[in-house]
Structures are given as structure tokens and as C-alpha cells.
Enquirer: 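A single structure is presented below for examination.
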Number of protein chains: 2
Amino acid sequence: MPVNSFEQYPMTWKPDKDQLVSPLYRSIASLLEYDILNGYLPPNTKLPPQRELADYLDINLSTITRAFKVCEVKGLIYAVTGRGTFVTPNARNAIFMAESSEELNYIEMGIVKPLDCTNGLVVETIKSIANKNYLEQLLDYRHPLGMPYHKMAARKWMQRFSMDAPVDNIAITSGGQNALTLILIALFHPGDKIAVDMYTYPNFIELANILNIQLIPIAADELGMMPERLDAACNANQLQGIYLVPSCNNPTAITMNMNRRKDIADIIKKYELILIEDDIYSFLAPEGYLPVSHFVPDRFVYVLSIAKSLSSGMRVAFIAYANVFVEKITYGIFNINIKTSGLNAEVIAELINTGVADRIIREKKEMAKVRNELYNKYFEVNNPSENPFSFFRWLPLSHPCTLKEFEQNALTYGIHVYHSDRFLAKKDESAQFIRISLTSTKDVDELDRGLVLLKRLLLNLK
Amino acid sequence: MPVNSFEQYPMTWKPDKDQLVSPLYRSIASLLEYDILNGYLPPNTKLPPQRELADYLDINLSTITRAFKVCEVKGLIYAVTGRGTFVTPNARNAIFMAESSEELNYIEMGIVKPLDCTNGLVVETIKSIANKNYLEQLLDYRHPLGMPYHKMAARKWMQRFSMDAPVDNIAITSGGQNALTLILIALFHPGDKIAVDMYTYPNFIELANILNIQLIPIAADELGMMPERLDAACNANQLQGIYLVPSCNNPTAITMNMNRRKDIADIIKKYELILIEDDIYSFLAPEGYLPVSHFVPDRFVYVLSIAKSLSSGMRVAFIAYANVFVEKITYGIFNINIKTSGLNAEVIAELINTGVADRIIREKKEMAKVRNELYNKYFEVNNPSENPFSFFRWLPLSHPCTLKEFEQNALTYGIHVYHSDRFLAKKDESAQFIRISLTSTKDVDELDRGLVLLKRLLLNLK
DNA sequence: TCATTTGTCCTTATACATTTA
DNA sequence: CTAAATGTATAAGGACAAATG
């Protein structure tokens, strides 16, 4: 029997005892699900403590725990030990490209677009390929990892960024996100733990979530992820891997210098982690910088997407990997993709081999430089490790604010920017920032107007 | 204390009691994992009953159950109530396209190639698109689910096969395998169970394995999967989904008739399964056949790959899905692919809209018919439910044989064929068959020679 | 700093369902 | 067809750990 009468202390959620049938935990879970989905329990509602509900329903605490677990897995609620269980606010953090964003009533500085006014050059290359007589060979169903000729172009492009690997250790995937999916599925298991920067790429966070891979955030100083912190985390948890974007970490814009790269590599070797090096911004890094992969030749997977550097629409990325991963990645590609379209790979190979690719990145770097100089007129960049060609900037928020509050407020000012909470693998009370995309306005003038609005917004917050 | 001394009745696996530390179940699981991965417990070994182990280790039965569950989710073991727990046979069956198969010294009747001599028509379409002036729009980073115009073409193509869905319930993926990956990741969890035909598509089996999704094989009669067996399996296990290839099941070549489709649909509704309908061979099915999805409008995901029907090299598939899955699939596509290349989708849309697609499938059907007629000269097809246009045939083996033995033997005869064990989700003592691809020889003559060799091989086995 | 609150994890007990002999 | 073997599902009790004030 219940110990107390609960009539006088109202609980936020009172399941109907009469509706409980065996199995109890499922019965409870579906009552809870029903009440959440029908709006009887609005987002962020604090549910009664598990013990209180158990007492009220006169069943064991563990049964409530189990019922709650069912709803938590469905994403309906979340729980924090010591604090309680809450109805999930149903906002997701993944950064979606708007489905139809023809007419925006704000200045876009949220999403990072790839400065794709250089697409005209890609179109020319497509046209020139369409005239070749070997087109039919590109439609072949063979070569799941990529045609040899395309892998040679991939190698050439990697070498340009000081990454060298034999063609047998190179594969072509259907874009960078597809490569990350492949790597997480082929080399990791559900429940594995991967170290990431405290603030990191949101789509990697979401991908890890969907695959039930746990991310362990590691704090950074002005040079990027701190080796001591990584060491400590490896000691405390059993980590299997690490994800890094060393050329220009998204969102902090930090380029890791060579010493820091070596120090991180030492920890990777010490704990035998698998390195996932996402070098999407390699074309913005100083010439001759060696990738972290270079220092861990037995433990790396290096991902070189061309979405930001050459063309986002072609959906091609190159990956290179240590010998030990050859079999698993080959097997993974076959299971996940079968293969990447030869036509698309051909277009990119042609861009690389004709030198057009070099021209594109030169132009993009120039545009990025101009936009960064404009940014510097309004805001200071104090950390010399931040990449001066970065497509986005990272600005501390002096007055803390919730994600929704801040971004909504910004929209009323007519600008779209992202709050740092979107980039946290584990939400906590970390310092707050905003990420400002410099490459998404249609021209420099619009960016100027956006930055003026941003400056005004930040002043008014004080 | 243990009730008996186990010294005299040797168990197949005896974990070292001294190595057990808390938590017990994990300790046991990792000992077991270690022994399997290091070969001390070879594939198919029957482990001791859970009760016996519990008794031996002097702990509770449930703790062993839990330890075994950990290894089962990792795919190391599998359990059958009443029979016991067994080490998973780790043979990989995925059918790889040869990396470099220029010079074959055998006749290819293993892999199912798509009769792609129609690729010339695809090439022409690529050339015509390259001349259009809207090419740059195809390189857009927007529309992760596919551009509206492409989705309309997808809808049109689906309608041709009696599948109708609003464009908001349609998406474009980077090929059929990519679609299946997406669906398994977005709509299922590791450990979930999906019903499949006893003999089913090997790459689906491998994909499920890599994602730790369990497949439950369901027996078939001459009309395909038996509804009663599916019902029984749903009763016994808690199933979340079902995978079907109803137009021409690979490898059995069975086309499910309308009555059977309805009966299966009833069970899907009864147990609220998620239907994954892989309609890659829809173009070989009789006109007007309604997909199974039609009968479960609230629970389906319909996958229409164009790899076999139009072009395997373009890596495009269309999917349609029930309203309840819109959010999860949108989210999944974003996390796994970001998007599929608009250029490739445009080529396929153009094929569909200009009627070239219709011409291609007409030609392919005609070629398939000729090759099937040739097959019928040598072998009998007794089951009227087998698709007369099938790209492959399914032949009973009167004298049982191991997979390796048979396939090796065939190669010495100069032919490449697949043994039925490759198509089993759970290896057991099922009846044995071989699958003969009719569409992979370069011409009908070569197929004729291959079939003669096959006939001779089978006679010599008797 | 420490006690309280609160969710999580591990282990056990028992009833049940399927397979096999 | 029945009984035994064997894995599965549900629920409970207790120890533990993180957050809070």
C-alpha cells in the first residue's frame, strides 16, 4: 500500500492506476508517451521522482526506471541523476539546409555555405566530360572503392595537403558525411566512446547519437584540444577513437599547430585510439602543415571532403586509412554504399588534373580573406591560432543566454546565427559563444549589414 | 555452492571463476568474447546451457542471460529457446563485385549484373543534360531529400509500378544499399529484430549484421513467405520490422501474388511491424500488381532502386514512406548523406520524363525473356510463382554439399554460381539450392555454354 | 562539506514459452 | 502428446553515483 496519501501534494503526472495491465513497465511507458504526444505534458515538464511514482502506484522503483527508459530511448524524456526526469524539448540541433529557402527575411550567418560562386567552373568541367567518349565506362558497376584513375586523382589532391597514402589505402565515398557514417559503422560498435573537441561539428554529434556511439568532450586551450585532458579522459574512460578537425575546427576556427598535433598524436598512440581526421578545411590551412594522421601511420582514417573546397553538390569525398583498416573499410563501403558514382568522381578528378581545382581554392581563399577582414573591422580576433581564412568566426558571449532565446532574438534583429550549445556533445554550463558564418551571404555588402546588426544586438544585450 | 561437481562432465566453455570481477555479467561477456575472437570457441560451438553455467559459477541464471545478451548484440553468439546458445559462424557472404575482373577464366553466373548494354541510352541522356543551361542549379547544396522536380519524377516512376505517394513522402538516396542503410539506422536500433525470407538478399543480411540488427528467417511455400509462419515468429519474438522483395525475391525468383501480399500485410498490421519493401525488380513483375506497401499505408517504407532497371552506375534510388516516418527519415538522410547529387538525380529524372526509361526496361525485359527461355531448355521451372523474367534462377541441389565444396567444384568446371548458404540469415540444415545468374554473361552464347557446363556438373554429382 | 534527493546499475527470483526427445 | 531442457520476460531489492542546497 502507498505510504502517503498523495491527494494534497499534486504530482505533475498522475498515471491512472486502473489502466495498468501487465507488463506494468510497458503500460506505464505508453501512458506517458500518450500524455506527452497529446500535449498533456508540455516540453520541459519535470516528472515526479521515480520513487514517488513507484510509491503512488505501489510497485517497485525499478519498474518505473524501466518504463522511463523506454520513453527515454524514444527521445520523449531525459533524466539527470540528482535533478529529475524531464519532458524533452523537441528541438534537434542538427543543422539542416533549409528545404526551400528562396526568400529569406533574415541575413544568413548561421549555416556555413561554401562560397559556391565558383560552381561555373565545375559546370564547364561537367560539360567537357560529357563530350568524352569513355562515358559509358563511368557507369560501370565495378570498383566499389573507386576507379583506379579516380583514386590516383584523390591521392594527388591529398598530397597537395601533405597527406600521402598508397592508392590501395584510398577510397572514394559519396561525400564527407557518408564517409563519417562509413567509418563509424565499419570501425566502431554501438556503445564505443570517441573523444571530440568540447565544441565540435554538430552533424558528427548527431551521427554518433543515431549510431549509439558516445562522445567524450575534451577541453581546449587557445591551441585546440589539450593533450593532458585527452590523456585524463583516456584514463577515466575506455576510449576507442578520437575525432579531430585540425585545419580549422568547426566552430572554434582554431588551426592546430605542429607541436600540438604531435602531442595529440602521442596520446593517440599511447592509448591506441583510432584517429578520425576530418580535413575538410585543409585548403585553408598554412601550406606544408602535416596532418595529425602523418604522426600515427598505423591508426588513422583521413577524410578529405571536397564539399567546402571544390563543390558541395557533387557529393564526393576521399578517404585514406592505415593498413589495418583496409579490410573493414572495404567491407563497410560495400555494405553501406556499394559504390560511389563514377561520373561524379570523374568530374572531381578532372578538376584536380586540369588545375581548375587549384584555381577554385585560390579564389575561395581570396574571398574568405576579404570577408574576414571585414569581420575584423567590427570584432577582434584575439587568438592567433584562429584561422584567418576561416569560413566562420567564434565570438564569446559575455552575457549568458539560452540557445533559443539568443537565436530567436537574433532573428528579430534580422540575422541568423548559431549559439554554442549546438556544438556541445554533452550539454553543460560551458562558456557561451556564437558562431558567425562569413560565407553565406550573397555578397560582402550583405555581410556588412549583417555584422552591423550583430554588433547592435550584442551591445543591447549588455 | 554448486550443486554438482562438473569435473567429469566437460562443458564446451568453462570460464575461469577467479577472473570474475564485478560487474559479473560484463566480466563473463568479455571472457566469452575473448575466447570467441581468439578461436578457442570455434563457430557453431554449442555453449553450455545458461542454467548450467550459472550453477557452475554459483550465480543467478539471469546474470548469465544478461552476459549472453551483451555478446548476442555484438553478433558473437545467437540463441534459440529450447535448443541452446551457439557461436555465430563468422563467414561473410556479401557478394562483392570483383575489384578488377577484366580477364575471367570462368563464365559468370554468380553475380547478377544488370544487362547494362542499355547504358548507351543513359550516356546520351547525360550528354543532353550537359548542354542545358540550368546545370549550376543542380550543384545546389539545398534540398537534402531531393529537388522537387526530381521527386516528381520519382513519383511518376513509382506510379508506373502502382505505388503512389505524395512528394512529401518521397526522398532520393544514393542507391538502394544506401537507402537500406538509411532505413535501418533511422528507424531501427541495435538489437531490433526484422523478419526476412528464409533465403534472402545477402547484402541485406550483411548490412543487418554490421548494424547489429537481428534477422529472423521465415519459411516460404511456393507463393513466398508464409503468413502463418510470420505470425508465429511475431508471437515468439518481439519483431520490429519485416524486409520483403515481393516482385522477384532474390534468390528464389518468387513473385508474390496479390492474395499473399494481402495476407502478409494483415500480419504486419496485427503486430505493427515496419515494412521495408525492396521493389528493385518491380519492372519484372506483372503490370498492375500492387505493392505490399499499398495495404499497410501507415507502416511502410518502399525502396525503388534503379540499379537493375535503368542504370547501376548512377547510384540513385527513390524511397517512399508512411507519414509517421517522415521526420525520422529526413533526419536520417541529413545525418548519413546530407544529400544525393542533383546531377545524378537529374539524369534519371530525364530518362523517366523522356520515355527513355520505358524503352530501357522494355529492352531489358526482352533480353531477360530470351535468356530465361534458354534456361528452360536445360532445366525445368516447376513453380508457376517464379518470375519468368527473373535475372536469376533457383535450382534445388539433390545432393547436399557445403558451400565451399560446391562453388569450388563449379569453378573447376569453368562456371561461377552461388550456393544457397550465402542467402541464409541464420545458417542451418535448410534444403540446398544454387542461384544461377542469367544476366551476367556478355551474350546468350556464353550463357548457353555456361548452362551446358552446369548441367554436366550436376549430372556428375549424382 | 555533508546530507538529501534522485536516477542508474547489478543481481536475484519467478513465471513463461519454445524446442526437442 | 507429454515431459524435460532451455532461453526469455517481468519485477523486485539493494548498492551506487551524481546533483543539489
Side-chain angles (χ1 to χ4, degrees), chain A residues 9 11-13 20-30 32 46-73 77-88 191 214 236-237 426-429, chain B residues 4 9 11-13 20-30 32 46-73 77-87 191-193 214 216-217 219 229 231-239 426 428-429:
Chain A
Y9 303 103
M11 294 190 282
T12 49
W13 185 57
L20 293 189
V21 292
S22 184
L24 292 172
Y25 80 98
R26 278 211 231 166
S27 209
I28 296 164
S30 45
L32 182 55
K46 182 180 189 306
L47 294 172
Q50 296 183 359
R51 279 172 183 76
E52 205 167 316
L53 270 172
D55 212 4
Y56 172 70
L57 295 173
D58 203 13
I59 58 175
N60 189 276
L61 163 67
S62 297
T63 308
I64 300 290
T65 308
R66 193 167 177 194
F68 275 24
K69 196 89 218 159
V70 172
C71 289
E72 190 172 15
V73 166
I77 57 175
Y78 68 94
V80 188
T81 304
R83 187 134 39 106
T85 308
F86 306 84
V87 177
T88 310
Q214 239 191 92
N237 307 272
K426 292 214 168 131
K427 314 298 174 217
D428 63 2
E429 315 296 288
Chain B
N4 293 306
Y9 303 102
M11 293 190 281
T12 50
W13 184 58
L20 292 189
V21 291
S22 184
L24 293 172
Y25 80 97
R26 277 214 229 175
S27 212
I28 296 163
S30 44
L32 182 55
K46 182 179 189 307
L47 294 172
Q50 296 184 358
R51 278 173 185 75
E52 205 167 315
L53 270 171
D55 212 5
Y56 172 70
L57 295 173
D58 202 14
I59 58 175
N60 190 276
L61 164 67
S62 299
T63 308
I64 301 290
T65 307
R66 191 162 180 195
F68 276 23
K69 197 88 218 159
V70 172
C71 289
E72 190 171 13
V73 166
I77 59 175
Y78 67 95
V80 189
T81 303
R83 185 130 42 104
T85 308
F86 306 83
V87 177
D192 278 4
K193 292 173 186 160
Q214 244 193 88
I216 308 294
R229 293 301 187 90
D231 193 320
C234 290
N235 253 317
N237 307 272
Q238 188 164 338
L239 299 192
K426 288 207 172 143
D428 64 2
E429 318 296 288

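All values below were derived from every heavy atom in this structure, side-chain atoms included, with hydrogens, water molecules and symmetry-related copies excluded. Just so we're clear, the structure is a prediction, and the values are computed from it rather than from any experiment. Just so we're on the same page: letters track the sequence lines, and every chain starts at 1.
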Enquirer: Does Asn60(A) have a side-chain nitrogen or oxygen under 4.0 Å from the phosphate oxygens OP1 or OP2 of dA11(D)?
Expert: no
Enquirer: Taking all heavy atoms of Arg229(B) and all of Ala219(B), pick out the closest pair and write down the distance.
Expert: NH1-CB, 3.4 Å
Enquirer: If you assign Lys193(B) and Arg83(B) each to the DNA chain D nucleotide with the nearest heavy atom, which residue ends up on the more 5' nucleotide?
Expert: Arg83(B)
Enquirer: Quick one, Leu24(A) and Leu57(A) - any side-chain contact, counting heavy atoms below 4.5 Å?
Expert: no
Enquirer: Does Thr85(B) use its side chain to pair, donor to acceptor, with the backbone of Leu47(B) at less than 3.5 Å?
Expert: no
Enquirer: Heavy atoms under 4.0 Å, any strand shown: does Leu24(B) hit a base, just sugar-phosphate, or nothing?
Expert: sugar-phosphate
Enquirer: Check whether any side-chain N or O of Thr63(B) sits under 4.0 Å from OP1 or OP2 of dT12(C), and answer yes or no.
Expert: yes
Enquirer: So if I take every side-chain heavy atom of Pro23(A) and compare against dT8(D), dT6(C), dT10(D), which nucleotide ends up nearest?
Expert: dT10(D)
Enquirer: Any idea which of dG7(C), dG7(D), dT11(C) is nearest the Gln50(A) side chain?
Expert: dG7(C)
Enquirer: Check the distance between dT8(D)'s P and Tyr25(B)'s OH and give it to me in whole angstrom.
Expert: 17 Å
Enquirer: Could you check which of dG7(C), dT12(C), dT8(D) has an atom nearest any side-chain atom of Thr85(A)?
Expert: dG7(C)
Enquirer: Are OP1 or OP2 of dT10(D) and a side-chain N or O of Arg66(A) less than 4.0 angstrom apart?
Expert: yes
Enquirer: What integer distance in Å separates Tyr78(A):OH from dT8(C):C1'?
Expert: 17 Å
Enquirer: Could you tell me whether the phosphate oxygens of dA17(C), OP1 or OP2, come under 4.0 Å of any side-chain nitrogen or oxygen in Thr81(B)?
Expert: no
Enquirer: Heavy atoms only: give me the nearest Ala67(A)-Ala29(A) pair and the separation to one decimal.
Expert: O-CB, 3.7 Å
Enquirer: Without decimals, in angstroms, what is the distance between Leu61(A) CG and dT8(C) C1'?
Expert: 9 Å
Enquirer: Looking at every non-hydrogen atom in both residues, tell me the closest pair between Thr12(A) and Lys46(A) and how far apart they are.
Expert: OG1-O, 2.6 Å
Enquirer: In whole angstrom, what separates Leu53(A)'s CG from dG7(C)'s P?
Expert: 9 Å
Enquirer: Nearest whole Å is fine: how far is dT5(C) P from Ile64(A) CD1?
Expert: 19 Å
Enquirer: Of the listed nucleotides (dT10(D), dC16(C), dA12(D)), which one gets closest to any side-chain atom of Arg51(B)?
Expert: dC16(C)
Enquirer: Once hydrogens and angles are ignored, does a donor-acceptor distance under 3.5 Å link the base of dG13(D) to the side chain of Ser62(A)?
Expert: yes
